[in-house]
Number of protein chains: 2
Amino acid sequence: MRRKRGQGSGEGVTMKTIADEAGVTLTTVSRILNGKGDNYAAATKEKIQEIADRHRYRPNALVRGIQTGKTDTAGVVIPLEPYFSDIVRGIHEVFLFNETLMMLSWNDHSKQIPNEKLERDILHRLIDRRVDGFIISPSAESLAQNYIEEILPRNIPLVLVDRELEGVETDFVGSDDLNGGRRAAEYLFSLGHRNMAFAGEQDSAASSLREQGFRAILSDMSACNCGERLDPSDEEEAEGFLEQFRGKNPPTALFCSTDDLAVSAMNVLSLAGLKVPGDVSILGFGNAAWLQQELPLSSFDPDPMAMGRMAARLYIERVNGTGPKQLQQRRVPPTLQARSTTAPRS
Amino acid sequence: MRRKRGQGSGEGVTMKTIADEAGVTLTTVSRILNGKGDNYAAATKEKIQEIADRHRYRPNALVRGIQTGKTDTAGVVIPLEPYFSDIVRGIHEVFLFNETLMMLSWNDHSKQIPNEKLERDILHRLIDRRVDGFIISPSAESLAQNYIEEILPRNIPLVLVDRELEGVETDFVGSDDLNGGRRAAEYLFSLGHRNMAFAGEQDSAASSLREQGFRAILSDMSACNCGERLDPSDEEEAEGFLEQFRGKNPPTALFCSTDDLAVSAMNVLSLAGLKVPGDVSILGFGNAAWLQQELPLSSFDPDPMAMGRMAARLYIERVNGTGPKQLQQRRVPPTLQARSTTAPRS
DNA sequence: ATGAAAGCGCTAACAT
DNA sequence: ATGTTAGCGCTTTCAT
């Protein structure tokens, strides 16, 4: 067996050490140090506490973990990139007040091919250490199988953040895309725009929700209309996209489901000689940090820190068994950041 | 006692479960699943393995931890801000190949007053969970006491990254500031500059090393000279700083010990009508990400990911007891990023 | 007001 | 080629 650590203070000090020194049993020490010693003589309590402090005694959470089945440790699997690290910061903030610590890991998000094997290995490492639950931001759909096979059957609480996974029945915390879409419409409407366009990718759940909310409001408003979804960054669709702005009575505002699309759109439009926001107001979604210095794009900030906080709160509910029985879907309303690519209709 | 988890597959499956099902003892299962079963009959080995797989058995690392005194888990205390999260990514990369996981935490780096109590609490949480060691990027000098009292006496390996702490005798991994300073001098010299200036803060260990390296090279070169250290962002020193550039035969190059100083210097110089790099070449240190889009500042990239990797490797050596006995000081040479604020002397 | 004893899931020394 | 036993550090029932 591996040697325990050397002989500094606080090392190798167990409840037994303290019990022996105080001339009482382990049980007594355990109860007193855990605040369950109401019945004990004040003198005993003080003595135990004093010895513990003097030795800088620290309880062994591993043992407590195997005894109680709870480790107060979460498995957090999130890439450490700008946007995501804000999610982690939000989680951390809530954990601070819940005696919880996170084991952090992630799979290489930068590689296009997600490494299923590697992620499964990471999950195993986390499960072996008996984390109470998981908070995961899945890097790809293809990883769903991992969660379905490794986490759910073991009945370990799992909260997904930022991205849902088809076929994985679990809690989810993300951005309120529907709400964002609605407010995009309301905002552009309030600037006087009536004729609008929408740019979005195909096959993106988030993008669809944003579009849905956007159109829902527009169809409630009178005298509003909006062209079909098109992707200015897609070779096939770019031409059609531009076409909309060439007819008579062209759109004066454009809502893009991501900031990337907003940038593509701006490029396409400016090549065609259109001014932003003079001729067309552009509103994005994502509030990408890399953008803000280059280009003052009006956009929705999904508030990743708030998402992290919300995910952590849900996690705590799950791990403690408080909170509702049904699976939760909680969404943080994005914050509108009006900058200089949107303006009143001229 | 808290209920163990419910009844899904892989839950509550222990070696005992497997042993019973196979009609052998715990020991047999333990040995076979740990690859120490060379002496066992192939049939037994296969049977055990099959049962384990079928039940999706996973070993309990908590138990292993209390038995062996090793948890394969590191306590990492680093703020999750841009520069630092790259350090964390470097650490993570190395841990992936060492069966190690990190418990990540940090104290609120944004608050000016570092919360000593909070950080001590975090260290306790980590110690209770019996991390094998620590990798810490201290947010303030005032926290030194925490490490001295809580970590060192317990003989827990501690590697400091990015920032050293006076009075804390421990391993350190950081940027090679001396080397950076030297190469700054060599680079500016190679561009033809002979008359130089240096901007740096007072009381910064890193800044002093950069200055030291810088001056060491200059004094080796013939016909070179460099004014005294001044801080253009300091009200008292700004005037003197500018004064240097007003004499006859003024400096044509400026090395700043941080990118922030480089920005201040540029402002001061441009107010005085001097052109960069036409009149003065400016070289910074830090390669701050927020800068790169605004201003193509020539600078040294301290390569935080490499620092993280190096710290993790040293950590692994410490935890495994391999590696040298003496305290280590390892430094990553920064990478020169020549952009457009430096040019040949005109 | 305190103790004794069983047990958590596993490892490792010591058998046979 | 496999089993027996003690023990890791603690919590929790059941005594007294």
Side-chain angles (χ1 to χ4, degrees), chain A residues 1-5 10-49 51-52 55 57-72 127-130 154, chain B residues 1-5 10-49 51-52 55-72 127-130 132 154:
Chain A
M1 194 195 303
R2 171 175 246 266
R3 269 293 84 242
K4 292 297 152 60
R5 294 197 245 268
E11 283 186 78
V13 180
T14 72
M15 287 195 176
K16 187 79 173 53
T17 323
I18 301 175
D20 289 349
E21 190 167 334
V24 297
T25 26
L26 236 181
T27 320
T28 303
V29 177
S30 170
R31 283 202 276 247
I32 291 180
L33 292 184
N34 288 303
K36 293 174 184 168
D38 294 348
N39 298 326
Y40 284 86
T44 313
K45 290 201 258 186
E46 276 162 34
K47 182 162 56 174
I48 300 295
Q49 193 61 59
I51 301 177
H55 288 306
Y57 169 78
R58 284 272 100 208
N60 188 325
L62 301 175
V63 173
R64 186 170 285 167
I66 90 165
Q67 296 268 147
T68 62
K70 194 167 179 236
T71 54
D72 290 327
I127 291 169
D128 292 355
R129 284 160 177 82
R130 297 303 188 261
R154 289 189 168 88
Chain B
M1 192 194 307
R2 172 174 245 265
R3 270 290 85 243
K4 294 296 155 58
R5 292 199 246 267
E11 283 185 79
V13 180
T14 73
M15 287 195 176
K16 187 80 173 55
T17 323
I18 301 176
D20 288 349
E21 189 167 334
V24 297
T25 25
L26 237 182
T27 319
T28 303
V29 177
S30 171
R31 284 202 275 248
I32 291 180
L33 293 184
N34 287 303
K36 293 172 184 170
D38 294 348
N39 297 325
Y40 284 86
T44 313
K45 291 201 258 186
E46 277 161 35
K47 183 163 55 175
I48 299 295
Q49 194 61 59
I51 301 178
H55 288 306
R56 286 190 184 282
Y57 169 77
R58 284 271 99 209
N60 188 326
L62 301 176
V63 173
R64 186 171 285 167
I66 90 165
Q67 296 270 148
T68 61
K70 195 170 178 235
T71 54
D72 290 327
I127 291 169
D128 292 355
R129 285 161 178 82
R130 296 302 187 263
D132 295 331
R154 289 190 170 85

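Below, each value reflects all heavy atoms present in this structure, side chains not excepted, and no hydrogens, waters or symmetry copies.
- Distance, Asp20(A) CG to dC10(D) P: 12 Å, rounded to whole Å.
- Contacts classified as side chain to side chain donor-acceptor pair (under 3.5 Å) and involving residues 37-47 of chain A (residues at least two apart or in different chains) are given here: Arg31(A)-Tyr40(A).
- Out of dG9(C), dG9(D), dG3(C), the shortest distance to the side chain of Thr14(B) is found at dG9(C).
- Here Thr25(A) pairs with Thr28(A) under the side-chain hydrogen bond (donor to acceptor under 3.5 Å, both in side chains) rule; sequence neighbours left out.
- dA6(D) atom P lies 18 Å from atom CD1 of Ile66(B), rounded to whole Å.
- Fit an axis to the five pairs at each end of the helix from dA1(C)-dT16(D) to dT16(C)-dA1(D) and the two axes sit 40° apart, to the nearest 10 degrees.
- Between Ile18(A) atom CD1 and dT11(D) atom P the separation is 11 Å, expressed in whole Å.
- Contact check of residues 22-29 of chain A against DNA chain D (heavy atom, cut-off under 4.0 Å) returns Leu26(A), Thr27(A).
- At least one donor-acceptor pair under 3.5 Å links the side chain of Arg154(A) to the backbone N or O of Arg56(B).
- Per the geometry, CD1 belonging to Ile32(A) stands 15 Å off P belonging to dC10(D), to the nearest Å.
- Atom NE2 of His55(A) is separated from atom CD1 of Ile18(A) by 7.0 Å, given to the nearest 0.5 angstrom.
- Here the C1' atom of nucleotide dC10(D) and the OH atom of Tyr57(A) are 7 Å apart, to the nearest Å.
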Test side-chain contact (heavy atoms from CB on, under 4.5 Å) applied to Asn34(A) and Arg64(A), step by step: CA-CA 12 Å; Asn34(A) 288 303; Arg64(A) 186 170 285 167; 3.0 Å; yes

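- In this structure, the CD atom of Gln67(A) is 15 Å from the P atom of dA6(C), given to the nearest Å.
- The distance between atom CZ of Arg31(A) and atom P of dG9(D), rounded to the nearest whole Å, is 21 Å.
- dG9(C) atom P lies 16 Å from atom CG of Asn60(A), rounded to whole Å.
- Side-chain atoms of Leu33(B) and Ile48(B), non-hydrogen and from C-beta on, do get closer than 4.5 Å to each other.
- By the side-chain hydrogen bond (donor to acceptor under 3.5 Å, both in side chains) test, Asp72(B) pairs with Lys70(B), sequence neighbours left out.
- Less than 4.0 Å separates DNA chain D from at least one heavy atom of each of the following residues of residues 34-44 of chain A: Asn34(A), Lys36(A).
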